[in-house]
Amino acid sequence: MANAQQAKPEDTEIWTPVPKVVTPGESFRDAPSDAIILFNGKNLDQWVQNDDGSPAKWDVHDGILTVNKKYGNIATKQSFTNYQLHLEWKVPADIEGSGQARGNSGVFLASLGKGDAGYELQVLDSYNNKTYVNGMAGSLYKQAIPLANPGRQPGQWQTYDVVWTAPTFNADGALKTPAKATVFFNGVVVENNFELIGPTLYIGKPVYKAHGPAPIKLQAHGDKSKPLSFRNIWVREL
């Protein structure tokens with residue numbers, strides 16, 4: 001008791017290290033001063049074709065990036081571990097199809113190779129479009145059902161803001177801590193620090209395999225509906 005009585009406020013004050021100063025964007029969608037701009041509306045300098053590493057070949061026009069399905073997925077040149085990601089996407093106003101064949105794409109929060117290897121945050125028209133709920137917009141594909149469906153109708157821009165915590169592994173390759181994701185969809189929390197059980201899979205049960213930093217990947221889905229568009233993509237390493 002004597003020690004407790006002698007304690008001072010200063011005993012629990014921490015003065016260093018001082019957090020770095022970051023200038024915020026004018027709005028929540030604007031990149032802060034320490035962000036890495038992945039798509040600025042002008043070019044695809046930060047991206048490559050996922051399958052062969054050649055320069056990204058999707059279409060850039062009027063400040064917008066549109067999926068070109070014949071070329072396949074694109075991935076960032078840079079690899080990341082833990083980060084904050086912002087991106088905006090839009091399904092064409094005249095989108096056709098239904099279910100998974102209606103405005104399908106995806107944001108792979110960590111790409112683990114060619115094709116759809118990695119951890120996918122689903123992009124899909126989920127406005128009056130019925131599909132399996134662990135595959136709708138805002139889902140961590142076939143693992144996490146969104147907590148809500150705040151999707152806007154086709155033709156309107158939608159936003160994803162993501163906090164991604166990469167998995168860690170022991171020296172022997174065994175999982176130490178799982179991947180975690182928090183996702184805001186149009187400003188609404190749809191995934192709250194969800195722990196993934198491995199990479200997302202179309203078929204089968206996920207299993208972790210040790211990996212390090214990884215690119216972010218955007219999907220060119222093979223369905224016949226018109227391609228989606230993206231804009232204003234930036235990331236902050238944590």
Side-chain angles (χ1 to χ4, degrees), residues 25-31 35-47 49-50 56-76 84-109 111 116 120-131 133 135-141 146-164 181 183-191 216-235:
E26 289 299 314
S27 74
F28 76 92
R29 63 181 296 272
D30 296 323
I36 298 166
I37 308 301
L38 296 178
F39 178 66
N40 61 5
K42 298 178 181 179
N43 57 59
L44 285 171
D45 290 353
Q46 299 298 319
W47 301 83
Q49 290 299 134
N50 180 57
K57 299 177 181 66
W58 286 10
D59 302 322
V60 177
H61 56 87
D62 300 326
I64 296 170
L65 171 62
T66 300
V67 178
N68 191 318
K69 295 189 180 185
K70 71 179 181 180
Y71 290 118
N73 302 343
I74 63 172
T76 57
Q84 172 189 351
L85 173 69
H86 175 92
L87 62 78
E88 298 165 24
W89 55 274
K90 181 175 70 173
V91 172
D94 57 349
I95 194 73
E96 297 177 343
S98 62
Q100 294 289 304
R102 182 180 173 89
N104 197 327
S105 182
V107 181
F108 286 81
L109 303 173
S111 172
D116 294 339
E120 182 184 9
L121 169 59
Q122 176 74 314
V123 174
L124 188 76
D125 178 21
S126 289
Y127 186 86
N128 292 334
N129 179 35
K130 188 175 182 179
T131 189
V133 293
M136 64 190 292
S139 67
L140 297 164
Y141 188 68
L147 300 174
N149 178 9
R152 296 190 173 103
Q153 64 187 31
Q156 296 186 17
W157 284 102
Q158 323 228 36
T159 63
Y160 278 163
D161 289 280
V162 182
V163 179
W164 172 251
V183 180
F184 290 79
F185 180 8
N186 293 331
V188 177
V189 175
V190 293
E191 305 296 351
I216 296 168
K217 179 167 58 184
L218 300 179
Q219 184 186 49
H221 193 266
D223 70 273
K224 296 180 180 179
S225 66
K226 290 186 177 181
L228 286 85
S229 295
F230 295 90
R231 70 178 184 187
N232 195 24
I233 308 173
W234 51 264
V235 65

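Only this structure's heavy atoms are used, side chains among them; waters, hydrogens and symmetry mates stay out.
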Do the non-hydrogen side-chain atoms of [X] and [Y] ever get within less than 4.5 Å of each other?
X: Gln49; Y: Ile74; result: yes
X: Ile216; Y: Phe108; result: no
X: Gln122; Y: Asn104; result: yes
X: Asn68; Y: Lys57; result: no
X: Glu96; Y: Ser225; result: no
X: Val133; Y: Asn149; result: no
X: Tyr127; Y: Ile95; result: no

In this structure, are over 12 heavy atoms from other groups packed under 6.0 Å from Asp94 atom CG?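 It does: Asp94 CG has more than 12 such atoms within range.
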Does CD belonging to Gln156 count more than 12 external heavy atoms closer than 6.0 Å?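 Count over threshold, so yes.
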Looking at [X] and [Y], what are the two nearest heavy atoms and their distance?
X: His86; Y: Asp161; result: ND1-OD1, 2.7 Å
X: Thr159; Y: Glu88; result: CG2-CG, 3.6 Å
X: Asn186; Y: Arg152; result: OD1-NH1, 2.9 Å
X: Phe39; Y: Ile64; result: CZ-C, 3.8 Å
X: Met136; Y: Leu124; result: CA-CD2, 4.1 Å
X: Pro146; Y: Gly138; result: CG-C, 3.6 Å

Without swapping roles, check the side chain of [X] against the backbone of [Y] for a donor-acceptor pair under 3.5 Å.
X: Asn73; Y: Asn50; answer: no
X: Trp234; Y: Arg29; answer: yes
X: Asn129; Y: Gly99; answer: yes

Nearest-0.5 Å distance that lies between atom [atom1] in [X] and atom [atom2] in [Y]:
X: Gln153; Y: Asn128; atom1: CD; atom2: CG; value: 9.0 Å
X: Arg231; Y: Asp62; atom1: CZ; atom2: CG; value: 12.0 Å
X: Lys217; Y: Leu109; atom1: NZ; atom2: CG; value: 11.0 Å
X: Asp45; Y: Asn40; atom1: CG; atom2: CG; value: 7.5 Å
X: Ser105; Y: Gln219; atom1: OG; atom2: CD; value: 5.5 Å
X: Asn232; Y: Leu38; atom1: CG; atom2: CG; value: 10.5 Å

Please test Gln100 against Thr131 for side-chain hydrogen bond (donor to acceptor under 3.5 Å, both in side chains), starting from the C-alpha separation and ending with a verdict. CA-CA 7 Å; Gln100 294 289 304; Thr131 189; 2.9 Å; yes
Does this structure show an ion pair linking Asp223 with Lys69, if we count only N-O contacts that are shorter than 4.0 Å?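 Salt bridge present between Asp223 and Lys69.
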Give a yes or no on whether the ring-centroid distance for Phe184 and Tyr160 is below 6.0 angstrom.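 Distance test on ring centres: not under 6.0 Å, no.
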Parallel, tilted or perpendicular: ring planes of Trp58 versus Phe230, cut at 30 and 60 degrees: parallel
Among Val162, Val183, Leu218, which residue satisfies the side-chain contact (heavy atoms from CB on, under 4.5 Å) criterion with Val107?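 Among the candidates, only Leu218 passes.
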